[in-house]
Chemist: 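Pasting a structure below so you can have a look.
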Amino acid sequence: MKILVCLSNVPDTTSKITFTDNNTSFNSAGVQYIINPYDEIALSRAVELAAEAQGTVTVIHVGESSSDATIRKALAVGADDAVRIDSVARDAWFVANQIAHYAKAHAFDLILTGRESIDYNGAQVQGFLGELLEIPSISIAKKLDINSMEASVEREIEGGKEVMIVSLPIVVGTAEGVAEPKIPNMRGIMTARTKSLQVLDPIAVPVLSKITHYDTPAPRGEVKLIDKANVEQLVQLLHSEAKVI
Amino acid sequence: MSILVYIENVEGELKKSAYETLSYGKALGDMTGEEVTALSIGNVSGEQLEKVGKYGVKKVIEVNTKDLSHFLNQAYASVISEVAKNLHTNTVVLANSFSGKGLAPRVAAKLSAALADGAISLPEISGAAWTIKKAVFSNKAIATEELHEQKKVIAITPNSLEAKVSPVEVTVEKYEPQVLPADLSTIIKDIVRATDKISLPEADIVVSAGRGMKGPENWAMIEELAQVLGAATACSKPVSDAGWRPHEEHVGQTGLAVTPNLYIAIGISGAIQHLAGVSASKTIVVINKDPEAPFFKVADYGIVGDAFEVIPQLIEAIKAYKNN
Ligand SMILES: Cc1cc2nc3c(=O)[nH]c(=O)nc-3n(C[C@H](O)[C@H](O)[C@H](O)COP(=O)(O)OP(=O)(O)OC[C@H]3O[C@@H](n4cnc5c(N)ncnc54)[C@H](O)[C@@H]3O)c2cc1C
Ligand SMILES: Nc1ncnc2c1ncn2[C@@H]1O[C@H](COP(=O)(O)O)[C@@H](O)[C@H]1O
């Protein structure tokens with residue numbers, strides 16, 4: 001079984017989010033980057049599934065060489081090889097086209113993405129990939145098992161969950177529950193250095209949309225503290241002032 | 001040229017997100033002068049479909065073929081784009097809900113449309129240029145996005161735009177789409193719905209609790225508070241990691257992002273990763289025994305106190321208020 005895991009490189013969850021150039025671009029100065037937490041889940045599950053089925057795990061990332069440390073970390077966790085499409089990840093449509101282009105030439109059985117990236121929160125790449133590759137895509141998977149060439153996926157739906165059976169190949173967007181993120185061990189870190197990281201040129205993709213400006217949300221006013229002996233006052237305020245009950 | 005609004009149903013019932021998308025479509029139609037049509041897929045009663053008119057949309061296309069009684073994103077995306085093509089639709093509006101997230105990119109790709117996912121505003125239109133706002137960096141910033149294509153798919157964030165009532169007469173038109181077998185290859189084996197519970201992404205009020213609750217055995221009071229308020233329950237990540245609560249309830253940067261009118265955080269410290277998923281809530285109430293808890297800095301109202309004392313009193317106070 002051949003598994004492809006799509007990795008997004010995102011600011012560490014504690015990063016202060018600021019912008020430069022008159023609030024037109026993200027300020028990456030001093031920001032620590034990590035594997036998107038959902039992609040870490042995808043990667044961990046991929047490594048487990050590959051071990052069960054004697055398969056292979058390839059990780060793919062669309063980005064510049066500054067992401068190589070993140071890619072090496074994925075190799076240390078257990079991916080067999082890596083591909084980087086050497087370009088700024090302009091937007092989800094661009095990224096999905098790059099990945100689809102690569103995937104078409106390499107016949108993967110299973111393509112995993114995170115449910116969304118924690119920077120642009122698009123949750124788009126997974127559906128775009130399904131469409132571009134003309135295969136089923138399942139978003140927000142909470143469980144993923146493979147039995148020969150069939151996947152059983154538990155998917156989150158409005159107010160519940162759904163168990164689906166689908167033949168490979170498929171694209172799955174993974175969420176919490178699919179696997180526990182794995183921490184690379186010493187051996188993993190050592191072998192990661194010797195694994196292949198192939199760098200490929202991007203294909204041309206038309207620009208359909210573009211972020212032109214960022215704003216930071218207005219800060220809230222000072223908190224109004226209510227005495228714990230007087231909870232009725234809170235109820236009153238929620239009714240008459242905040243008008244939420 | 002027209003606007004198509006896909007209205008989602010859950011077990012045959014239109015939900016709040018459907019009304020929000022209708023209201024958005026109507027407002028957009030008023031801006032562009034285009035005709036607005038709603039599309040429903042699945043087994044939705046005529047009575048439910050009548051409700052479309054309440055939000056100012058005059059026409060509904062009803063697709064109710066047997067193969068499509070359950071949500072299958074590939075098949076539904078095909079139907080939506082087929083109807084969009086038939087109607088010469090420029091803009092498709094849908095909810096950025098769990099199913100909407102699966103649909104929106106597929107529909108956009110089929111129509112070669114620009115996708116505005118997670119929209120939190122109506123577009124600003126100046127000639128051919130549309131700009132639209134969406135939350136990014138887990139609610140830490142708001143981006144303005146320019147859509148360059150004539151065709152657009154707009155997936156709106158649930159709870160971020162109010163459904164405005166403006167009643168009109170509705171006509172329902174049935175339609176039989178051409179669904180390809182390839183679109184139906186996914187088999188749904190089992191559906192589990194917690195029917196008695198209010199769905200977290202759609203909830204107006206969310207009662208959320210963290211590690212300060214000490215253990216799962218103490219959630220009865222959280223459930224009761226939620227019940228008296230008509231709220232959904234949520235939790236912090238360590239709580240679901242420890243198995244005190246199901247994963248679906250975990251909110252934050254790596255969990256669900258919610259935007260209710262009222263978010264009540266109990267025994268949650270307010271770590272930045274937690275705030276990322278809840279800070280867009282309209283009103284935030286924090287109950288924590290530690291006056292230094294960072295959550296107070298982003299709260300509108302706060303009570304410094306022990307949850308085990310405060311919550312029972314709060315339940316009583318709300319009951320008294322509701323009985324009045
Ligand atoms: C990559 C990454 C992603 C993460 N994603 C998320 C996420 O999506 N969501 C999330 O929630 N967290 C997330 N976290 C974890 C986050 O950093 C915090 O650890 C977590 O939110 C803390 O949960 P808590 O507030 O319940 O617990 P704690 O931080 O332990 O806080 C418990 C609070 O309860 C209060 N308390 C204790 N007893 C009482 C009492 N009797 N009455 C009232 N108050 C009491 C304490 O004063 C304290 O403030 C993430 C972390 C990382 C590294
Ligand atoms: N630059 C990228 N390179 C490779 N995969 C990506 C990239 N950006 C996003 N992805 C994948 O797509 C998923 C969803 O991203 P998004 O659509 O941006 O929310 C992520 O969890 C990744 O698996």
Side-chain angles (χ1 to χ4, degrees), chain A residues 11 13-14 17 19 37-38 92-93 118-124 126-128 130-132 136-140 142 156-167 176-177 207-217 220-221 223-226 228 231-232 234-235 237-239 242 244-245, chain B residues 10 15 73-74 97-99 101-102 104-106 109-110 114-115 117-118 136-138 140-149 185-194 199 229 247-248 250 253-255 261-262 272-273 282-283 296 298-305 310 313-314 317-318 321:
Chain A
T13 56
T14 54
I17 303 299
F19 301 94
Y38 297 117
W93 178 238
I118 64 165
D119 49 5
Y120 292 95
N121 306 107
Q124 302 181 21
Q126 162 262 132
F128 281 149
E131 200 56 43
L132 290 166
S137 56
I138 298 174
S139 51
I140 324 193
K142 303 293 237 180
E156 182 151 23
I157 48 169
E158 330 309 313
K161 57 194 175 194
E162 216 167 58
V163 181
M164 334 188 65
I165 305 291
V166 50
S167 297
E176 328 78 67
V207 180
L208 304 183
S209 64
K210 186 171 185 286
I211 292 179
T212 53
H213 188 80
Y214 294 93
D215 292 295
T216 35
R220 280 171 203 267
V223 57
K224 230 179 231 179
L225 288 179
I226 291 137
K228 65 179 179 192
V231 294
E232 296 77 17
L234 174 63
V235 178
L237 287 168
L238 291 177
H239 173 67
V244 288
I245 62 170
Chain B
V10 174
K15 286 286 161 97
N73 68 24
Q74 240 178 316
S97 57
F98 291 142
S99 2
K101 283 180 182 169
R106 295 200 81 120
K110 279 183 195 293
L115 171 56
D117 61 291
V136 290
F137 293 101
S138 309
K140 290 174 200 161
I142 290 163
T144 303
E145 189 171 33
E146 220 171 72
L147 306 178
H148 293 287
E149 278 299 301
S185 63
T186 308
I187 298 156
I188 298 176
K189 215 177 76 176
D190 198 12
I191 301 180
V192 187
R193 277 190 208 277
S199 130
L229 282 168
H247 270 300
E248 302 79 278
H250 153 206
Q253 185 144 31
T254 51
N261 286 332
L262 174 59
I272 190 161
Q273 296 95 352
K282 288 183 192 94
T283 299
F296 285 116
V298 297
D300 300 286
Y301 303 101
I303 296 181
V304 177
V310 174
Q313 291 178 30
L314 186 56
I318 291 162
Y321 159 78

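The chains referred to below are lettered A, B, ... by the order of the sequence lines, with proteins before strands, and numbering in each begins at 1.
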Chemist: Looking at Lys110(B), Glu149(B), His250(B), which one has more heavy-atom pairs under 4.5 Å with chain A than the rest?
Modeler: Lys110(B)
Chemist: Examine whether an atom of Phe128(A) lies under 4.5 Å from a heavy atom of chain B, and if so say whether it belongs to the side chain, the backbone or both; otherwise answer neither.
Modeler: both
Chemist: Taking side chain as C-beta onward, heavy atoms only, is His148(B) less than 4.5 Å from Val207(A)?
Modeler: yes
Chemist: Between Ile303(B), Ile318(B), Val310(B), which shows the greatest number of heavy-atom pairs under 4.5 Å with chain A?
Modeler: Ile303(B)
Chemist: Measuring only between side-chain heavy atoms, which start at C-beta, is Ile118(A) closer than 4.5 Å to Phe137(B)?
Modeler: no
Chemist: Which atoms of Lys15(B) come close to chain A, meaning under 4.5 Å heavy atom to heavy atom: side chain ones, backbone ones, both, or neither?
Modeler: neither
Chemist: Report which part of Ile165(A) has an atom under 4.5 Å of a heavy atom belonging to chain B: side chain, backbone, both, or neither.
Modeler: both
Chemist: With distance as the sole test, does Tyr214(A) use its side chain to make a donor-acceptor pair with the main-chain N or O of Val136(B) at under 3.5 Å?
Modeler: no
Chemist: So what's closer than 4.5 Å to chain B heavy atoms on Ile140(A): side chain, backbone, both or neither?
Modeler: side chain
Chemist: Less than 4.5 Å to any heavy atom of chain A: does that hold for the side chain of Val10(B), its backbone, both, or neither?
Modeler: side chain
Chemist: Based on non-hydrogen pairs under 4.5 Å, which of Thr254(B), Val304(B), Val298(B) is most in contact with chain A?
Modeler: Thr254(B)
Chemist: Given heavy-atom pairs under 4.5 angstrom as the criterion, report whether the side chain, backbone, both or neither of Ile157(A) touches chain B.
Modeler: both
Chemist: Measuring only between side-chain heavy atoms, which start at C-beta, is Leu115(B) closer than 4.5 Å to Trp93(A)?
Modeler: no
Chemist: Is Leu147(B) close to chain A through its backbone or its side chain, or both, or neither, when contacts mean heavy atoms under 4.5 Å?
Modeler: both
Chemist: Sort Ala299(B) into side chain, backbone, both or neither according to what part of it lies under 4.5 angstrom from a heavy atom of chain A.
Modeler: both
Chemist: Can you tell which part of Leu238(A) gets under 4.5 Å to a heavy atom of chain B, answering side chain, backbone, both or neither?
Modeler: side chain
Chemist: Counting only heavy atoms closer than 4.5 Å, note whether Gln74(B) contacts chain A via side chain, backbone, both or neither.
Modeler: side chain
Chemist: Heavy-atom cut-off 4.5 Å, strictly under: side chain, backbone, both or neither for Asn261(B) against chain A?
Modeler: both
Chemist: Highest number of heavy-atom pairs under 4.5 Å with chain A: which of Lys282(B), Gln253(B), Lys101(B)?
Modeler: Gln253(B)
Chemist: Does any part of the side chain of Ile17(A), heavy atoms only, come nearer than 4.5 Å to the side chain of Thr216(A), both counted from C-beta?
Modeler: no
Chemist: Under a 3.5 Å threshold, yes or no: a donor from one side chain and an acceptor from the other, between Thr212(A) and Glu145(B)?
Modeler: no
Chemist: Would a distance-only check, ignoring hydrogens and angles, find a side-chain to backbone donor-acceptor pair under 3.5 Å from Ser209(A) to Glu146(B)?
Modeler: no
Chemist: Tell me, out of Ile226(A), Leu208(A), Leu132(A), who's got the most heavy-atom pairs with chain B below 4.5 Å.
Modeler: Leu208(A)
Chemist: Considering only heavy atoms and a distance below 4.5 Å, find which of Gly102(B), Gly255(B), Gly305(B) pairs most often with chain A.
Modeler: Gly255(B)
Chemist: Using modelled atom types and a 3.5 Å cut-off, is there a donor and acceptor pairing between side-chain atoms of Arg193(B) and backbone atoms of Gly160(A)?
Modeler: no
Chemist: Does the side chain of Glu158(A) come under 3.5 Å of the side chain of Ser199(B) through a donor N or O and an acceptor N or O?
Modeler: no
